[in-house]
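First comes the structure, then the notes that go with it.
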Amino acid sequence: MAMTVPRYLTGDPAGIKEFLDKFDVFLFDCDGVLWSGDHLFPGTVETLELLRSRGKQVVFVTNNSTKSRADYKRKLETLGIPATTEEIFSSSYSASIYISRILNLPANKRKVFVLGETGIEQELRSENVPFIGGTDPSYRRDITAEDYKLIAAGDESLLDPEVGVVLVGLDFHLNYLKLALAYHYIRRGAVFLATNIDSTLPNSGTLFPGAGTVSAPLILMVGRDPVALGKPNQAMMDAIEGKFQLDRARACMVGDRANTDIRFGLEGNLGGTLGVLTGVSSKEDFVEGVVRPSAYLDKLSDLLEAAE
């Protein structure tokens, strides 16, 4: 990867126009680019309208597994961003596609043990993948002395013999019992998958534990990383390419995080990557880091300068 300095486009209308003209498809990270938490960045709607008015295809690519595509469509619409479910590609959807269409699981090992929220469950249902765990309240409890004995004995009342996959996403109700069960399923041969490995979750102008933090204890226990189905994993890029039939050379990834969004675009051999400084990565990260976008902006709405 050549260490070229990315082009700074804010305040350069001609440069912005030239940049936009190179691409037919723009893949957008959401949180940190279009909004933060429930705060929509000013100019987001107008910027997306500008791109659409110029015939550009817009795809929303998010690592947030707590929401399904339908949930995301509702969130976009609530914020005033018109979108179709087909334009949204989430890590929970990516993981569900991977499990149902790519993993060749034995007939008696088709069930998924989920560490995560309803977004994962909705997308697994959409692909007819059976699952346990997730938001089931019976797992939201303290571990007991009896649980230890039953897990050690491989008792089927606690360890379902049909589980062939452990899928880890962001789980707001993570506990010791869930981690213990997940570990024992993996130890018994279950495929170890993660919706994404983001260490942090941006919200309300600061950072909180991300999905990668949920899988970290399991990684430490089993001594290997899961197959991750979100950015920057290229299984997600292959799925996006297959779904949208895009020409990678004419596609640009727009994101706020160098190690996921920008890396995703670079390793996917996209024609361009565009960083914005409204999320996780700093100007120093983009300009001096090991993973650098081809261009960057202070904020996404700076693209509107091309219309002036």
Side-chain angles (χ1 to χ4, degrees), residues 1-13 15-16 18-20 22-23 26-44 46-48 51 59-65 79 91 170 194-216 228 230-234 236-237 251-306:
M1 218 175 280
M3 288 287 102
T4 52
V5 177
R7 187 170 177 182
Y8 179 55
L9 292 175
T10 297
D12 179 6
I16 292 171
E18 181 193 329
F19 187 82
L20 295 181
K22 291 179 185 170
F23 309 109
F26 285 85
L27 307 178
F28 281 96
D29 175 54
C30 299
D31 216 326
V33 176
L34 309 177
W35 63 69
S36 176
D38 289 315
H39 167 67
L40 182 70
F41 295 136
T44 293
E46 294 82 355
T47 306
L48 294 171
L51 294 173
V59 181
F60 302 99
V61 184
T62 173
N63 270 4
N64 186 337
S65 66
L79 291 169
S91 62
L170 184 55
T195 56
N196 66 87
I197 45 171
D198 290 12
S199 56
T200 55
L201 173 77
N203 196 326
S204 306
T206 187
L207 299 174
F208 293 88
T213 306
V214 177
S215 58
K231 297 168 292 184
N233 189 284
Q234 290 304 305
M236 191 186 209
M237 186 68 83
C252 178
M253 180 69 215
V254 185
D256 68 300
R257 198 188 280 250
N259 66 343
T260 52
D261 303 323
I262 303 306
R263 189 177 149 205
F264 184 59
L266 291 172
E267 293 182 357
N269 293 313
L270 296 189
T273 47
L274 181 64
V276 294
L277 297 175
T278 46
V280 174
S281 293
S282 65
K283 178 182 174 180
E284 287 68 36
D285 293 331
F286 286 153
V287 176
E288 298 165 16
V290 290
V291 178
R292 302 178 186 179
S294 38
Y296 70 103
L297 297 160
D298 290 344
K299 55 190 185 299
L300 183 66
S301 58
D302 291 344
L303 291 176
L304 292 170
E305 293 171 15

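Since we're looking at a predicted model, the values are computed, not measured.
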Check your understanding: Atom OH of Tyr296 and atom OG1 of Thr273: how far apart are they, to the nearest 0.5 Å?
Key -> 13.0 Å
Check your understanding: Can any side-chain N or O of Asn233 pair as donor or acceptor with the backbone N or O of Ala228 at less than 3.5 Å?
Key -> yes
Exercise for review: Identify the two heavy atoms, one from Leu266 and one from Arg292, that lie closest to each other, and give their separation to 0.1 Å.
Suggested key: CD1-O, 3.6 Å
Check your understanding: What's the spacing between Ile262 CD1 and Leu274 CG if we round to 0.5 Å?
Key -> 7.0 Å
Review point. Does any non-hydrogen side-chain atom of Asp302 lie less than 4.5 Å from one of Leu9?
Key: no
Check your understanding: Given side chains that start at C-beta, do those of Thr195 and Asn63 come closer than 4.5 Å, heavy atoms only?
Key -> no
Exercise for review: Measure across Met236 and Thr62 and return the closest heavy-atom pair with its distance rounded to 0.1 Å.
Suggested key: CE-O, 3.9 Å
Exercise for review: Check side chain to side chain donor-acceptor pair (under 3.5 Å) between Asp298 and all other residues, then give those that pass, not counting sequence neighbours.
Suggested key: Tyr8
Point to revise | Closest heavy-atom pair and its distance - Gln234, Phe264 | key: NE2-O, 3.2 Å
Review point. Is Asp29 paired with Arg257 through a side-chain N to carboxylate O contact shorter than 4.0 Å?
Key: no
Point to revise | 4.5 Å side-chain heavy-atom contact, Leu297 and Phe19 | key: no
Review point. Counting only heavy atoms not in Ile197, do more than 12 fall under 6.0 Å of its CD1?
Key: no
**Study point:** Nearest non-hydrogen partners of Phe23 and Gly272, listed with the distance
**Key:** CE2-N, 3.4 Å
Study note, to complete from the structure: Between the CE atom in Met237 and the CG atom in Asn269, the distance rounded to the nearest 0.5 Å is 8.5 Å
Check your understanding: How many angstroms lie between atom CZ of Phe286 and atom OG of Ser281, to the nearest 0.5 angstrom?
Key -> 4.5 Å
Review point. Do the side chains of Thr260 and Asn196 get nearer than 4.5 Å, heavy atoms only?
Key: no
Review point. Is there a donor-acceptor pair under 3.5 Å between the side chain of Asp261 and the backbone N or O of Asp256?
Key: yes
Revision key, fill the gap. dist Thr278:OG1 -> Leu300:CG (nearest 0.5 Å) comes out at 7.5 Å
Table please: side-chain donor-acceptor pairs of residues 31-41 below 3.5 Å, with sequence neighbours left out.
| unit_1 | atom_1 | unit_2 | atom_2 | d |
| --- | --- | --- | --- | --- |
| Asp31 | OD1 | Gly37 | N | 3.2 |
| Asp38 | OD1 | Lys75 | NZ | 3.4 |

Check your understanding: Which pairs pass salt bridge (Lys or Arg N to Asp or Glu O under 4.0 Å) with one or both residues in residues 282-291, sequence neighbours excluded?
Key -> none
Exercise for review: Answer yes or no: is there a side-chain heavy-atom contact under 4.5 Å between Thr10 and Leu277?
Suggested key: no
Check your understanding: Any idea which heavy atoms bring Met253 and Gly265 closest together, and the distance?
Key -> CB-CA, 4.0 Å
